[in-house]
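Step one of this worksheet: look at the structure below.
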Amino acid sequence: MKMHIPMFDVVPARLNVGVMLFLACWVNYMLRVNMSVNIIAMVPDDHTASTENSECKAIATNDSLLRDDAAEVRQEMKAANTYDWTAQQQAYILSSYFWGYAITCLVSGTAAELWGPRNVVFYTMLVSAVLTILTPLTANVHYLMLVAARFVIGLAGGFIFPALHALVAHWAPPAEKGKFVSALLGGSIGTVVTWSLSGPLIENFGWSWAFYVPGVIGVVWCAFWWFLVYDSPVLHPRISEAERRYIIEAIGDKVQQSSKDTKIVPPFKEIFTSFPFLAMVILHYGNNWGLYFAMTAAPKFVSSALGFNLTSAGTLASLPYLARMIFSIIFGAVGDRIVRQNMVSTTYMRKFFCLFSHVLPGLLLIGLGYTGCAPILSVALITFSMGSNGAATLTNLVNHQDLAPNFAGTLYGIANGIGNTAGFVTPLVTAYFTKHGNGFLEWRPVFLTGASLYIASALYFMCFGTAETQSWNFVPEDERNKRRSAASNDTTVTIPVATISSNGNNNGNSKANGIINGNIHSNGNTSSSNNNSITVKT
């Protein structure tokens, strides 16, 4: 008998899952970006920084715009435990996370599909949280110990997003998928919160607490995750039968509901030879390239060419992330409404919104090179470029769910692993064009390059992309036969009757001769009942 708790009829299980997806991204980014802020207090700079030459002399000499409050914080932190790491050592510390992250992205989706996204997210987030708590200890031992800890945190972090996408495939009805994918941009809020929280913690308690607090938050989050989230509606012990039926019927037979006898290796040959998948990867790469430009090259341009230190103004630095989060929610709701009312085909919708997720941000990046000495306009262009990219919840961040929801984690992991190489390439491109100066003439090719990839990837997807579910998403009949023959004859599976394709009379006895959840064939008599589920012997 299933445990019944009335409150879970009031709060849908999928709402709990959606909220936990959002918080997962939030916590993941807290553990990811805290080092970039905390290292300022860990390695105080006593030297007076020189101001870079700028074409905008009036702005460069305006102390009210350029005042760096971090210098005062550094003076107050002199008495704290600090280190004399070189710039090269600090670079190793800051980059170690992303090297680990890039490695596991490629395999994390498949791991989630084989071992279950609930387990993968729980254990990797727990490892990340515990190591974050231990970060001050590793720093005291040796900087290489800290590098190793951050590398492992990056390895664990690489599993999170592909596993979350695998979870979305099992929980998100088509008419609600936009909201679920929008929840995966919770990392933007995590960045803002971390930057806002670290300063007061460092000033009042020391930099160690800027690691302890996010780490403890991560451990507490893991407990809630384990209690509220399950791999699929079929496996959730507290979901109402009505909600279970709704989700399974809405998703249909495109997704094999999770259970230990349905785990199969993704069809990698078909995946890597699929033109629609290639189009999705190119679109995702263009998205990541544009984001790295907006988050790294654009602020550096505002600082070096305009002489306005954007990163020293916490509020302004947070605006692009807040804009992307807010716009993603709006675009997600619009996309869900389009699907619910069946206004246009899903393929048409994906291609149309590339205009907002890729083309418009690319045009704004081009305009950034021609703003002249107008820092407020530059900040506005950066903000709206990232904000418009919130439409990615309807394009590259969801297209893998269309192509093969059974292997959504694998597809996203591969695309994200390839896309994150843009994080290594964009600094090289920026350095190449700006090696002789930081004026507008040098920076315009930088933004033109980023905008070109942004726009070109969208055009390629508009020509060759699709939202049609691919044939290799479905498990072949011979594979299902292998799984059935391997299953124990005494295994009992409880399945909602709504998932059975029945053919027969409904006057007391019904003969079910169909596929249950795409896995189990039953050919026999089942007695009529008022219950919402039946038990099948396999």
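Only a predicted model underlies this, so the values are computations on that prediction, with no experimental measurement involved.
- Under the 4.5 Å side-chain criterion, counting only non-hydrogen atoms from C-beta, Met462 is in contact with Leu355.
- Counting non-hydrogen atoms of neighbouring residues, nucleotides and ligands closer than 6.0 angstrom, the CZ atom of Phe384 reaches no more than 12 such neighbours.
- Here the CG atom belonging to Leu164 is positioned 6.5 Å from the CD1 atom belonging to Ile160, to the nearest 0.5 angstrom.
- The aromatic rings of Phe22 and Trp26 sit perpendicular, their planes meeting at an angle over 60°, well past the 30° parallel limit.
- Counted by atom type alone, Thr410 and Thr110 present one or more donor-acceptor pairs between their side chains at under 3.5 Å.
- Taking both residues in full, the closest heavy atoms of Leu283 and Ser457 are given as CD1-O, 3.8 Å, listed atom of the first, atom of the second, then distance.
- One finds the OG1 atom of Thr346 at 10.5 Å from the CG atom of Asn399 (value rounded to the nearest 0.5 Å).
- No more than 12 heavy atoms of other residues, nucleotides or ligands lie within 6.0 Å of CZ in Phe224, so this atom counts as exposed by the packing criterion.
- Of all heavy-atom pairs spanning Ile247 and Pro233, the tightest one is CG2-CG, 3.5 Å.
- Using a 4.5 Å cut-off on side-chain heavy atoms (C-beta onward), Leu235 and Ser232 make contact.
- Taking the side chain to side chain donor-acceptor pair (under 3.5 Å) definition, one finds that Lys351 meets it with nothing, sequence neighbours left out.
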Step-by-step salt bridge (charged side-chain N to carboxylate O under 4.0 Å, His left out) determination, Asp336 to Lys177: CA-CA 7 Å; Asp336 287 344; Lys177 189 157 287 187; over 6 Å; no
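- Between Trp221 and Met125 there is a side-chain heavy-atom pair separated by less than 4.5 Å.
- Counting only heavy atoms from C-beta outward, the side chains of Ser274 and Trp472 approach each other to under 4.5 Å.
- Within a 6.0 Å radius of OH in Tyr92, no more than 12 heavy atoms belonging to other residues, nucleotides or ligands are found.
- Residue Arg350 is tested with Thr466, Asp402, Asn396, Thr395 for a side chain to side chain donor-acceptor pair (under 3.5 Å); the sole match is Asp402.
- To the nearest 0.5 angstrom, Asn420 atom CG is 12.5 Å from Ile103 atom CD1.
- Leu365 has its side chain out of reach of Pro361: every pair of non-hydrogen atoms, C-beta onward, lies at least 4.5 Å apart.
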Stepwise salt bridge (charged side-chain N to carboxylate O under 4.0 Å, His left out) test for Arg340 and Glu176: CA-CA 8 Å; Arg340 190 161 49 246; Glu176 300 176 11; over 6 Å; no
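- A heavy-atom distance below 4.5 Å is not found between the side chains of Glu113 and Asn406.
- In this structure, Ser357 OG and Leu394 CG are separated by 8.5 Å, a value rounded to the nearest 0.5 Å.
- Between atom CH2 of residue Trp289 and atom OG1 of residue Thr449 there is a gap of 7.5 Å, rounded to the nearest 0.5 Å.
- Using a 4.5 Å heavy-atom threshold, the side chains of Tyr285 and Ile418 count as touching.
- A cation-pi contact, defined as under 6.0 Å to the ring centre and within 45° of the axis, links Arg32 to Tyr101.
- Ring centroid separation for the pair Phe331 and Phe356 comes in under the 6.0 Å cut-off.
- Scored by the side chain to side chain contact (heavy atoms under 4.5 Å, CB included) test, Leu106 finds no partners at all (sequence neighbours excluded).
- Between His284 and Asn416, the side chains place a donor N or O and an acceptor N or O closer than 3.5 Å (distance only, hydrogens not considered).
- The ring of Phe122 has its center closer than 6.0 angstrom to the ring center of Trp226.
- Using a 4.5 Å heavy-atom cutoff, the side chains of Asn28 and Phe161 are in contact.
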